[in-house]
Trainee: 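Can you keep this structure in mind? I'll have questions shortly.
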Amino acid sequence: MMKKMRKAALLLAAMMMATLLCGCGSFDASGYIKALLDNSYKNDSTAFVDQKIGTKEQAQELYEKGIETALKSLIDDVQISDGLKGEYETVLKDMYKNVKYTVGEATKKDDGSYEVEVKYQKMKVFGPAIESYAVSFQEYEEEVDAKIQNNEEVPSDEEILEQSFTLLKDGIQESLGNLQYEDEASMTVRVELVNKVYTPNGDDVANLEQQMFDTEALK
């Protein structure tokens with residue numbers, strides 16, 4: 001289950017790689033990166049539309065597609081109720097909107113590409129969530145074991161799975177209610193010209209999102 005959670009951090013990479021801008025005329029690389037970040041995390045399409053990356057409707061479609069992708073990665077092919085899936089979707093949106101970042105100036109390189117500095121504070125969400133989940137699930141296992149010992153009716157495998165993912169969701173929600181962040185750090189995101197089209201470097205984008213969450217707690 002924890003390995004599945006790690007895949008959820010692919011949202012921003014999928015969103016950015018789906019958004020391209022023609023490499024002609026003036027280009028605001030810093031504004032471009034901020035527009036993508038704001039739309040992907042905050043569901044704020046203002047800069048996305050102002051930068052003429054796309055329409056408000058297209059921005060919303062990309063945001064929802066990103067959340068859907070993250071949700072599928074999080075629960076994989078596990079069969080849980082539609083209601084619980086909806087709760088996970090809400091949790092994901094809450095988690096992403098709490099990301100902290102500041103987009104700095106862009107530096108143009110000789111090959112026409114740009115380097116954009118992004119400052120961020122790593123969100124400590126998964127570590128506390130897993131700790132809470134481990135305690136809660138152990139208590140649940142003990143309850144089930146007690147029923148077995150007392151020859152009482154025990155939950156089905158499907159019910160146990162549903163409860164397991166419910167406890168995991170509760171752990172994330174609890175963590176989001178008392179979020180802590182690490183000190184500010186920064187990294188560079190390259191925006192490259194590929195076939196006369198500006199697009200952010202995929203490795204940089206994936207690395208940025210990995211760095212903004214305590215994904216090391218999921219290993």
Trainee: Applying ring pair (Phe, Tyr, Trp, His ring centres under 6.0 Å), run through Phe27 and Tyr114 and close with a yes or a no.
Mentor: CA-CA 10 Å; Phe27 176 59; Tyr114 291 84; 5.5 Å; yes
Trainee: Angle class for the Tyr133/Phe137 ring planes (parallel below 30°, perpendicular above 60°, tilted otherwise)?
Mentor: parallel
Trainee: For residues Leu167 and Val144: do they belong to one hydrophobic cluster (side chain heavy atoms under 4.5 Å, members Ile, Leu, Val, Met, Phe, Trp, Tyr)?
Mentor: yes
Trainee: Within this structure, what is the CD-CG distance for the pair Gln60 and Asn43, rounded to the nearest 0.5 Å?
Mentor: 4.5 Å
Trainee: What closest approach, in Å, do Ala29 and Ala106 show between heavy atoms, and which atom pair accounts for it?
Mentor: CB-CB, 3.8 Å
Trainee: Taking all non-hydrogen atoms of both residues, which atom of Leu193 and which atom of Gly112 are closest, and how far apart?
Mentor: CD1-O, 4.1 Å
Trainee: Quick one: which residue pairs count as a salt bridge (Lys or Arg N to Asp or Glu O under 4.0 Å) with a foot in residues 159-183, not counting sequence neighbours?
Mentor: Glu87-Lys169
Trainee: With a 4.0 Å cut-off, would you call Glu61 and Lys65 a salt bridge?
Mentor: no
Trainee: Can you find a pair of side-chain heavy atoms, one from Ser45 and one from Leu62, that are under 4.5 Å apart?
Mentor: no
Trainee: Would you say Lys122 has more than 12 foreign heavy atoms packed within less than 6.0 Å of its NZ?
Mentor: yes
Trainee: Can you give me the closest heavy-atom contact between Ser113 and Asp111, atom names plus distance?
Mentor: OG-OD1, 2.6 Å
Trainee: Look only at the side chain of Ser132 and the backbone of Pro128, and say whether a donor-acceptor pair between them is shorter than 3.5 Å.
Mentor: no
Trainee: For Gly86, does its backbone N or O pair with a side-chain atom of Thr90 as donor and acceptor, under 3.5 Å?
Mentor: yes
Trainee: Side chains of Glu115 and Thr188: any donor to acceptor distance under 3.5 Å?
Mentor: no
Trainee: With under 30° as parallel and over 60° as perpendicular, where do the rings of Tyr41 and Tyr101 fit, or are they tilted in between?
Mentor: tilted
Trainee: Same hydrophobic cluster for Ile160 and Val135, using side-chain heavy-atom links shorter than 4.5 Å among ILVMFWY?
Mentor: no
Trainee: Decide yes or no on side chain to side chain contact (heavy atoms under 4.5 Å, CB included) for Thr46 and Asp38, but give the supporting numbers first.
Mentor: CA-CA 8 Å; Thr46 303; Asp38 288 352; over 6 Å; no
Trainee: Can the ring centroids of Tyr120 and Phe213 be said to lie less than 6.0 angstrom from one another?
Mentor: no
Trainee: Measure across Asn39 and Tyr63 and return the closest heavy-atom pair with its distance rounded to 0.1 Å.
Mentor: O-CD1, 3.2 Å
Trainee: With the 4.5 Å side-chain cut-off for hydrophobic clustering, are Val91 and Ile80 part of the same group?
Mentor: yes
Trainee: Write out all pairs satisfying salt bridge (Lys or Arg N to Asp or Glu O under 4.0 Å) with one or both partners inside residues 138-151, taking only residues at least two apart or from two chains.
Mentor: none
Trainee: Got a second to check how far Glu117's CD is from Met187's CE, nearest 0.5 Å?
Mentor: 11.0 Å
Trainee: At what distance, to the nearest 0.5 angstrom, does CG of Asp44 lie from CG of Leu37?
Mentor: 11.5 Å
Trainee: How far does CD of Glu192 sit from CG of Asp204, to the nearest 0.5 angstrom?
Mentor: 7.0 Å
Trainee: Where is the tightest heavy-atom contact between Ala35 and Phe48, given as atom of each residue plus distance?
Mentor: CB-N, 3.7 Å
Trainee: Mind checking the CG-CD1 spacing from Leu168 to Ile130? Nearest 0.5 Å is all I need.
Mentor: 8.0 Å
Trainee: Would a 4.5 Å heavy-atom cut-off, applied to side chains only, mark Val125 and Asn98 as touching?
Mentor: no
Trainee: Evaluate the criterion salt bridge (charged side-chain N to carboxylate O under 4.0 Å, His left out) for residue pair Lys93 and Glu89; output intermediate values, then yes/no.
Mentor: CA-CA 6 Å; Lys93 290 180 178 180; Glu89 182 176 320; 3.4 Å; yes
Trainee: Count the heavy atoms belonging to other residues, nucleotides or ligands that lie under 6.0 Å from CD of Glu152, then report whether that count exceeds 12.
Mentor: yes
Trainee: Testing Thr199, Val116, Asn201 one by one against Arg190 for a side chain to side chain contact (heavy atoms under 4.5 Å, CB included), which residue passes?
Mentor: Asn201
Trainee: Counting distance only, does the side-chain N/O of Asn150 pair as donor-acceptor with the main-chain N or O of Ala146 below 3.5 Å?
Mentor: yes
Trainee: If I compare all heavy atoms of Tyr32 with all of Pro200, which pair ends up nearest, and what's the gap?
Mentor: OH-CD, 3.7 Å
Trainee: Which residues pass the salt bridge (charged side-chain N to carboxylate O under 4.0 Å, His left out) test with Lys97, sequence neighbours left out?
Mentor: Asp94
Trainee: Is Leu84 reachable from Met95 through a run of I, L, V, M, F, W or Y residues, each pair having side-chain heavy atoms under 4.5 Å apart?
Mentor: yes
Trainee: Starting at NZ of Lys124, measure out to CG of Asn178 and round the result to the nearest 0.5 Å.
Mentor: 11.0 Å
